[in-house]
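See structure below.
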Amino acid sequence: MNSTTRFKLSFMMFLEFFIWGGWFVTMGTYLTKNLSADGVQIGSAYSTQSLGAIIAPFIIGLIADRFFAAQKILGFLHIFGGILLWLASTSVNFESFFPFVLGYMIAYMPTLALVNSISFRQMKDPGKEFPSVRVFGTIGWIVAGLVIGWLNWEQDGNLILTFKMASVASVVLGLFSFALPHTPPAKKGEKTSFGDIIGLDAIGLLKNKSYLLFFIASVAICIPLAFYYNFTNPFLNEVGMKAAAGKQSLGQVSETLFMLLMPLFFVRLGVKKMLAIGMIAWVVRYLLFAFGNADANYWMLIGGIVLHGICYDFFFVTGQIYTDRLAGDKFKSAAQGFITLATYGVGMLFGSIISGVVVDKFAVDGGHQWYNIWIIPAAISAVVALLFILFFRDDNKTAAVEANQ
């Protein structure tokens, strides 16, 4: 891969996640302050990510893999998405806002697979070359949070500008996509079944009891994950943290650090301990939020944010590696699609609904009873972690044999 191609792919990744981080983190605060949305409505807005994740495989499987070059579809989706984000910023109430954000997420979620596909197709050794390109996506997310904090959009009530910023960046990436390396459809002329699209070929993995437990735990842990994604920013702003979006970018800094250390931890700890530590970190994170405040316990709020690296990397990244290891060469892609659909699709959808109901239940005049709110995802995480530790065993050889029978 030459330097020009590397620059193009890195810039693509930077904008891809700058766009997402530019509005997604603070959307809950925007909806509360600007559109007077309640918890259920905020949960519904965030559930559009899950709906987009459920629909994304069909866009990729039926269109991108068979008919059109990936960079052209990426360009069209980002230009169309940029228009929808701008229209969302003009909404005067939640009812008019929701259709735009739903349409946007249906357009955006497939681009996550497209940027990976475009990158992999240009690389001779993705295992070595991809991390140095993908890291610019994390940097883009961090920069978006820092820009919001630096410009004081949260404190000044100008979060509407986050949608306009992301809209412009989306159109820029859309136009830039047409200058990306040509990436023709990988399965042109081939037939694609419904099972191929959603990864049903990998369902045999569930025959193994340990993998079945991991699969259920993955779906269940996405319920407390939705609490974090949907309501952390409104929580931090409500308790008085300054430049909350910028502080939240520490979570991505932590994620980057632990991602680099993953190979070392993986060799020393193994799958079960890595997954267990990840889930226990979720419990600790929500307890820190429950007892934290913007005064003496400010460090707890920062600690809960920084734990994002362990929460995400130790559970989700380890889980992806574990799934890949058990699936065998024949089902690797199907297995990743299957677990992604189940977690970010089904799991996060339920989490968004439940989190919205819980937040509304503990709403009071002028705010929320955040201790009562955060204890609930802490308890859910604790139950999932306990059951996992008691019953999971890392028997990958047996799993692989059973899955391929």
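Keep in mind the model is a prediction, meaning the values are calculated, not measured.
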Got a sec, which residues hit ring-ring contact (aromatic ring centres under 6.0 Å, His included) with F388, two or more places apart in sequence or on another chain?
F392
Can you give me the closest heavy-atom contact between T111 and A107, atom names plus distance?
CG2-O, 3.5 Å
Answer yes or no: is there a side-chain heavy-atom contact under 4.5 Å between Y30 and W23?
no
Please tabulate, one pair per line, all N/O donor-acceptor pairs under 3.5 Å involving side-chain atoms of residues 77-84, not counting sequence neighbours.
{"from": "H78", "atom 1": "ND1", "to": "S170", "atom 2": "OG", "distance (Å)": "3.4"}
{"from": "H78", "atom 1": "NE2", "to": "E16", "atom 2": "OE1", "distance (Å)": "2.8"}

Look only at the side chain of K247 and the backbone of I302, and say whether a donor-acceptor pair between them is shorter than 3.5 Å.
no
Quick one, L236 with Q248, criterion side chain to side chain contact (heavy atoms under 4.5 Å, CB included). Give me CA distance, side-chain angles, the key distance, then yes/no.
CA-CA 9 Å; L236 295 176; Q248 282 182 260; 3.7 Å; yes
Please tabulate, for the side chains in residues 371-386, all donor-acceptor contacts under 3.5 angstrom to protein atoms that are two or more places apart in sequence or on a different chain.
{"from": "N372", "atom 1": "ND2", "to": "Q369", "atom 2": "OE1", "distance (Å)": "3.3"}
{"from": "S381", "atom 1": "OG", "to": "P377", "atom 2": "O", "distance (Å)": "2.8"}

Here the pair of heavy atoms bringing G351 nearest to A226 is C-CB, 3.3 Å
Report yes or no: does Y46 contribute a side-chain atom to a donor-acceptor pair with the main-chain N or O of G28 at less than 3.5 Å?
yes
Sequence-distant partners of F362, ring-ring contact (aromatic ring centres under 6.0 Å, His included), two or more places apart:
none
Keeping S254 on the side-chain end and L250 on the backbone end, is there a donor-acceptor pair under 3.5 Å?
no
For N93, the side-chain hydrogen bond (donor to acceptor under 3.5 Å, both in side chains) test, sequence neighbours excluded, returns S96
Are R6 and S132 close enough that a side-chain donor and a side-chain acceptor fall under 3.5 Å?
yes
Other residues, nucleotides and ligands only: do more than 12 of their heavy atoms fall within 6.0 Å of NZ on K33?
yes
Indicate every side-chain donor-acceptor pair of residues 277-286 with a distance under 3.5 Å to a residue at least two apart or in another chain.
{"from": "W282", "atom 1": "NE1", "to": "G278", "atom 2": "O", "distance (Å)": "3.1"}
{"from": "W282", "atom 1": "NE1", "to": "C311", "atom 2": "O", "distance (Å)": "3.1"}
{"from": "R285", "atom 1": "NE", "to": "G304", "atom 2": "O", "distance (Å)": "3.4"}
{"from": "R285", "atom 1": "NH2", "to": "H308", "atom 2": "ND1", "distance (Å)": "2.9"}
{"from": "Y286", "atom 1": "OH", "to": "P224", "atom 2": "O", "distance (Å)": "2.3"}

Which residues pass the side-chain hydrogen bond (donor to acceptor under 3.5 Å, both in side chains) test with D156, sequence neighbours left out?
none
Between the side chain of K8 and the main-chain N/O of P181, is any donor-acceptor distance below 3.5 Å?
no
Indicate the atoms forming the closest heavy-atom contact of V25 with N233, along with that distance.
O-CB, 3.1 Å
Going by ring-ring contact (aromatic ring centres under 6.0 Å, His included), name the residues that satisfy it together with F94, two or more places apart in sequence or in a different chain.
F98
Listed by chain and number, what are the ring-ring contact (aromatic ring centres under 6.0 Å, His included) partners of F11, not counting sequence neighbours?
F176
Residues passing the side-chain hydrogen bond (donor to acceptor under 3.5 Å, both in side chains) test with T256, sequence neighbours excluded, are none
Give every residue pair that meets the side chain to side chain donor-acceptor pair (under 3.5 Å) criterion with at least one member in residues 139-150, sequence neighbours excluded.
W141-Q252
Side chain to side chain contact (heavy atoms under 4.5 Å, CB included) evaluation trace for T32 with E238
CA-CA 11 Å; T32 300; E238 192 171 300; 6.0 Å; no
Can you name the residues that form a side-chain hydrogen bond (donor to acceptor under 3.5 Å, both in side chains) with Q49, not counting sequence neighbours?
none
